[in-house]
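Have a look at the structure below before the remarks.
All of these numbers come straight from a predicted model, not from anything done at the bench. Each chain gets a letter, A, B and so on, in the order the sequences are listed, and its residues count up from 1. The figures here come from the full heavy-atom set of this structure, side chains too, leaving out hydrogens, waters and symmetry mates.
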Amino acid sequence: QKEVEQDPGPLSVPEGAIVSLNCTYSNSAFQYFMWYRQYSRKGPELLMYTYSSGNKEDGRFTAQVDKSSKYISLFIRDSQPSDSATYLCAMSAVLTGGGNKLTFGTGTQLKVEL
Amino acid sequence: DTAVSQTPKYLVTQMGNDKSIKCEQNLGHDTMYWYKQDSKKFLKIMFSYNNKELIINETVPNRFSPKSPDKAHLNLHINSLELGDSAVYFCASSPFSGNTIYFGEGSWLTVV
């Protein structure tokens with residue numbers, strides 16, 4: 001079993017829809033949770049960063065973390081064609097000695113259609 | 001101004017060759033990384049350096065040797081390339097005590 005599970009999609013939605021992307025994980029040591037967006041032929045771009053359980057909102061994006069269920073979500077409101085990309089969840093535990101080892105999900109490919 | 005830049009972006013080479021990928025960051029971060037993304041888009045850490053010192057080495061074959069001449073640069077040298085090395089290699093950086101990692105644009109390596 002992988003440490004982080006993510007539905008690969010593809011997920012196709014009409015413009016303006018609310019999108020829900022999810023990941024589950026098995027390692028209870030994970031404390032930091034991130035969502036990255038990756039456009040085709042580009043590097044992952046950090047979208048949202050949360051620590052521990054709770055919600056965080058940034059514009060049209062909301063990240064949710066439920067540590068008791070080992071489940072994280074990213075919601076995109078009023079989705080736009082420019083949101084079409086692969087969304088990767090990532091998480092990490094605290095590393096001694098500094099640095100950070102991110103464990104990624106496999107990514108969900110999202111297409112927002114006109 | 002590119003924060004994390006890596007060269008070359010595309011590299012096609014024959015099996016058995018040796019090649020290098022260079023990375024530079026201008027964010028003032030102390031920690032740099034190499035990640036590998038396979039054909040299924042799975043992204044996995046290979047190495048992490050903090051201020052020129054190796055912190056993380058994730059069961060990567062000895063043919064892969066990272067080198068950090070200073071904290072703004074982390075290069076990846078690969079010896080005796082194999083078909084299975086074909087992937088996208090991402091350089092990244094983060095503050096020493098930070099938990100947010102910033103990625104470069106990637107280097108697409110194809111071994112034929």
Side-chain angles (χ1 to χ4, degrees), chain A residues 1-11 21 23 27 29-52 56 58 63 65 72 85-111, chain B residues 2-7 9-10 21 23 25 27 29-60 66 68 71 74 88-108 110:
Chain A
Q1 185 192 2
K2 288 181 182 169
E3 276 190 292
V4 179
E5 298 277 358
Q6 184 175 7
D7 186 340
L11 179 62
L21 303 166
C23 287
N27 187 346
F30 288 144
Q31 296 187 50
Y32 304 95
F33 304 91
M34 285 137 273
W35 286 94
Y36 282 83
R37 177 175 63 195
Q38 186 175 21
Y39 290 115
S40 181
R41 296 277 168 182
K42 296 289 187 181
E45 169 197 9
L46 182 64
L47 265 183
M48 300 286 284
Y49 162 70
T50 52
Y51 170 68
S52 198
K56 184 174 182 179
D58 184 1
V65 174
I72 70 170
T86 297
Y87 289 80
L88 300 149
C89 64
M91 41 200 84
S92 70
V94 176
L95 260 189
T96 56
N100 199 335
K101 177 184 165 184
L102 288 183
T103 300
F104 281 87
T106 48
T108 299
Q109 189 179 344
L110 171 68
K111 185 172 183 181
Chain B
T2 306
V4 182
S5 59
Q6 52 185 112
T7 55
K9 188 171 174 80
Y10 298 103
I21 307 172
C23 179
Q25 56 95 3
L27 296 167
H29 290 162
D30 297 296
T31 308
M32 295 185 72
Y33 310 81
W34 280 108
Y35 278 79
K36 179 180 179 180
Q37 189 170 46
D38 62 24
S39 57
K40 295 184 179 177
K41 291 254 180 185
F42 184 58
L43 199 57
K44 189 167 187 224
I45 191 168
M46 299 173 69
F47 300 104
S48 165
Y49 269 74
N50 183 66
N51 203 12
K52 303 193 294 179
E53 287 192 33
L54 182 66
I55 303 174
I56 298 172
N57 183 345
E58 286 284 302
T59 50
V60 177
S68 182
K71 73 173 194 175
L74 179 62
V88 187
Y89 293 86
F90 287 100
C91 179
S93 72
S94 73
F96 176 79
S97 57
N99 296 292
T100 51
I101 295 180
Y102 297 88
F103 286 83
E105 295 275 276
S107 294
W108 270 254
T110 302

- [ ] Can you label the angle between the A/Y32 ring and the A/Y49 ring as parallel, tilted or perpendicular, going by 30° and 60°?
- [x] parallel

Salt bridge (Lys or Arg N to Asp or Glu O under 4.0 Å) filter on A/K2, not counting sequence neighbours, yields none

Across all chains, not counting sequence neighbours, the salt bridge (Lys or Arg N to Asp or Glu O under 4.0 Å) partners of A/E3 are none

Tell me, for [X] versus chain A, whether the close heavy atoms (under 4.5 Å) come from the side chain, the backbone, both or neither.
X: B/K9; value: side chain
X: B/Y89; value: neither
X: B/K41; value: both
X: B/Y49; value: neither

Practice item. Using a 4.5 Å cut-off on heavy atoms from C-beta on, say whether the side chain of B/Y35 contacts that of B/I101. Key: yes

Going by heavy atoms in the side chains, are B/E58 and B/I56 under 4.5 Å from each other?
yes

Given A/E45, A/Q109, A/R41, the one with more heavy-atom pairs under 4.5 angstrom with chain B than any other is A/R41

One option among A/G107, A/G105, A/P44 has the most heavy-atom pairs under 4.5 Å with chain B, and it is A/P44

Most contact-rich option vs chain A, by heavy-atom pairs under 4.5 angstrom, among B/F90, B/Y102, B/F42, is B/F90

Checked B/Q6, B/E53, B/Q37, B/H29 vs chain A; the most non-hydrogen pairs under 4.5 Å come from B/Q37

Which atoms of [X] come close to chain B, meaning under 4.5 Å heavy atom to heavy atom: side chain ones, backbone ones, both, or neither?
X: A/T86; answer: side chain
X: A/Y51; answer: neither
X: A/L46; answer: side chain

For the residue pair A/Q6 / A/T108, report whether a side-chain donor-acceptor contact shorter than 3.5 Å exists. yes

### B/E105 side-chain N/O to B/V4 backbone N/O, donor-acceptor pair under 3.5 Å
no

- Message: Working note: B/L54 + B/F47, criterion side chain to side chain contact (heavy atoms under 4.5 Å, CB included); need CA distance, chi angles, decisive distance, verdict.
- Response: CA-CA 7 Å; B/L54 182 66; B/F47 300 104; 4.1 Å; yes

